[in-house]
Amino acid sequence: MSATTTAPSATTADAPPVGGRRQALFTLVLGAFVAVGPLTIDMYLPALPTITADLGTTSATIQLTLTGTLVGLALGQLVLGPLSDALGRRRPLLAGTALYVVASLLVLVAPGVGVLGVLRVLQGVGSAAGAVIAMAVVRDLLTGRAAATMLSRLFLVLGAAPVLAPTIGGEVLRFTSWRGIFLLLAVYGVLLLAVGAVVLRETLPVERRSSDGVRGTLRTYRGLLRDRVYVGLVLVAGLTMAGLFSYVSGSSFVFQREFGLDEQQFGLLFGAGAFWLIAATQLNPVALRRWSSAQILVAGIVAGTVAGAVLLVLATTGTGGLPGVVVPLWAVLFACGLALPNAPALALSRHGEAAGSAAALLGAVQFGVGASVAPLVGVLGNDAAAMGTVVVGALLVAIAVLITVVRPWQLTETEEQPSPAA
């Protein structure tokens, strides 16, 4: 077992890193780093049709720039998670953010969609630093209820950032071109570098850092992949994310081209939809008082599939116009909001001795599956029917994995924490 699996020392885990206003500032800074990924994914969505015309390409091709971001997020988490276990948290976090700033600035002079796609991959890698290392910092410093409270605040940021991002992007487009959105993201990254360098201290002592190197990391991943239930839950989480990113990648074309909304109207409607995702994630703790995580996960996946089927039927037949698309989409988002917290919770609860690597692999698969499935919306025509087709397809496969691999009816409280993976 590597050094990173050792529990935090009492002096570190029993007390919060700071108190009072400083603790609030610490939480705010961590949340700001976590928000980089959602802002990078969603802020430019209102501009996708404009970018398509400006770079002289197709909508399906321009959607690959979103795929590139998701691929970068996946690869970045796989690399930066173990790297932070070996080098400490602070240096990889700041280095990843610096890479993010450079990539964002280079977008300002990107001559074509190919270069833009590469830079979006680099943006994804850089933003992965905030996603995975912020969670590791919380694990370094806190345990039990204190850790759960801090993580709930960070997950709220993950829910709120997608709500705000398209609205901000739509407003930015009132005053500048789509490249101005990336300038704003670069400025945000510079501010994070400055504040993070001052506020965030190193939270992983040298004696607790991993010295196993690449072989140790691969051995841990191999052990995780031998756990059938963990792998199944990770796939379910990834397929649920794929359904969500089908909406993210296709919504700007559906609402702006198919239904004639402008960039600002799209931003507001996208934010309204994300409200239902956030509402479900906040309802989840209440639901857990009565039902198990496995029960809520199954209910969310099944409900999302049914809502997606309604969306597909209404979109294919042209019934209901814009409300006929929006209402079932909101139901899909609500259902995904119930499923998304519980699949990772069940998966990670099985491997507390390798929580960092388990979280990195989980995040990589979530964004990797999302990246591979989301472009299908563009291939199928970038309309509401295409979106419904991909949502239903992804969630149907998730149901199949639940039944054949996870077998949630067999999960008990004790079975959620098996022997070590490695």
Side-chain angles (χ1 to χ4, degrees), residues 35-77 96 99-128 130-131 161-162 165-166 168-170 172-173 176-186 188-189 241-242 244-257 263 266-267 270 364 366-383 386-387 390:
V36 173
L39 290 175
T40 304
I41 292 169
D42 292 341
M43 192 177 289
Y44 87 138
L45 292 181
L48 286 182
T50 303
I51 300 173
T52 302
D54 191 25
L55 297 183
T57 185
T58 65
S59 60
T61 301
I62 208 66
Q63 281 172 311
L64 291 176
T65 63
L66 174 61
T67 299
T69 311
L70 301 179
V71 169
L73 273 164
L75 296 176
Q77 290 188 62
L99 172 65
Y100 175 82
V101 170
V102 172
S104 300
L105 289 174
L106 289 176
V107 171
L108 302 181
V109 293
V113 68
V115 175
L116 178 62
V118 172
L119 293 175
R120 289 290 284 173
V121 172
L122 294 178
Q123 273 193 311
V125 172
S127 62
I168 295 172
V172 171
L173 291 172
T176 183
S177 71
W178 60 270
R179 296 181 192 267
I181 294 174
F182 291 92
L183 177 60
L184 183 61
L185 290 172
Y188 181 71
M241 188 70 79
L244 181 60
F245 278 120
S246 301
Y247 164 70
V248 171
S249 67
S251 58
S252 60
F253 295 99
V254 170
F255 293 137
Q256 292 184 66
R257 287 189 175 178
E263 293 160 339
F266 163 72
F270 190 93
Q366 278 190 308
F367 287 108
V369 174
S372 62
V373 173
L376 290 176
V377 179
V379 173
L380 295 175
N382 260 335
D383 56 13
M387 187 188 298
V390 177

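Hydrogens, waters and symmetry mates play no part in the numbers below; they use all other heavy atoms, side chains included.
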Full working for side-chain contact (heavy atoms from CB on, under 4.5 Å) between Leu73 and Ser127 = CA-CA 7 Å; Leu73 273 164; Ser127 62; 3.4 Å; yes

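- In this structure, the separation between OG on Ser251 and CZ on Phe245 is 11.5 Å, given to the nearest 0.5 Å.
- Between Thr52 and Thr58, the shortest heavy-atom contact is CG2-C, 3.6 Å.
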Show your working on side-chain contact (heavy atoms from CB on, under 4.5 Å) between Asn382 and Val377 and close with a plain yes or no.
-> CA-CA 5 Å; Asn382 260 335; Val377 179; 3.7 Å; yes

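- Here the closest heavy-atom approach between residue Leu55 and residue Pro111 is recorded as CD2-O, 4.3 Å.
- Rounding to the nearest 0.5 Å gives a distance of 9.0 Å between CD of Gln123 and OH of Tyr44.
- Minimum heavy-atom separation, Ser246 to Met387: O-CG, 4.0 Å.
- Taking CZ of Phe253 as the reference point, atom CD of Gln63 lies at 5.0 Å (rounded to 0.5 Å).
- Side-chain contact annotation: Tyr100 with Thr40, donor-acceptor N/O pair under 3.5 Å present.
- To the nearest 0.5 Å, atom CD1 of residue Ile51 and atom OG1 of residue Thr61 are 13.0 Å apart.
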Do Thr65 and Thr69 pass the side-chain contact (heavy atoms from CB on, under 4.5 Å) test, and can you show the C-alpha distance, the side-chain angles, and the key distance before you say yes or no?
-> CA-CA 6 Å; Thr65 63; Thr69 311; 5.8 Å; no

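- Remark: the backbone N or O of Ala110 is paired with a side-chain donor or acceptor of Arg179 at under 3.5 angstrom.
- Remark: Leu184 CG to Thr176 OG1 distance equals 10.0 Å, nearest 0.5 Å.
- The two residues Tyr188 and Ala35 make their nearest non-hydrogen contact at OH-CB, 3.9 Å.
- Aromatic ring orientation, Phe270 versus Phe266: tilted (interplanar angle from 30° to 60°).
- A donor-acceptor contact shorter than 3.5 Å links the side chain of Gln256 to the backbone of Pro46.
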Can you list the steps and then say if Leu380 with Val390 is a side-chain contact (heavy atoms from CB on, under 4.5 Å)?
-> CA-CA 9 Å; Leu380 295 175; Val390 177; 3.9 Å; yes

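- Considering every non-hydrogen atom in both Ile181 and Gly169, the closest pair reads CD1-O, 4.0 Å.
- Note that the CG atom of Leu106 and the CG atom of Leu122 stand 8.5 Å from one another [nearest 0.5 Å].
- Here the shortest heavy-atom pairing between Leu105 and Ala186 reads CD2-CB, 3.6 Å.
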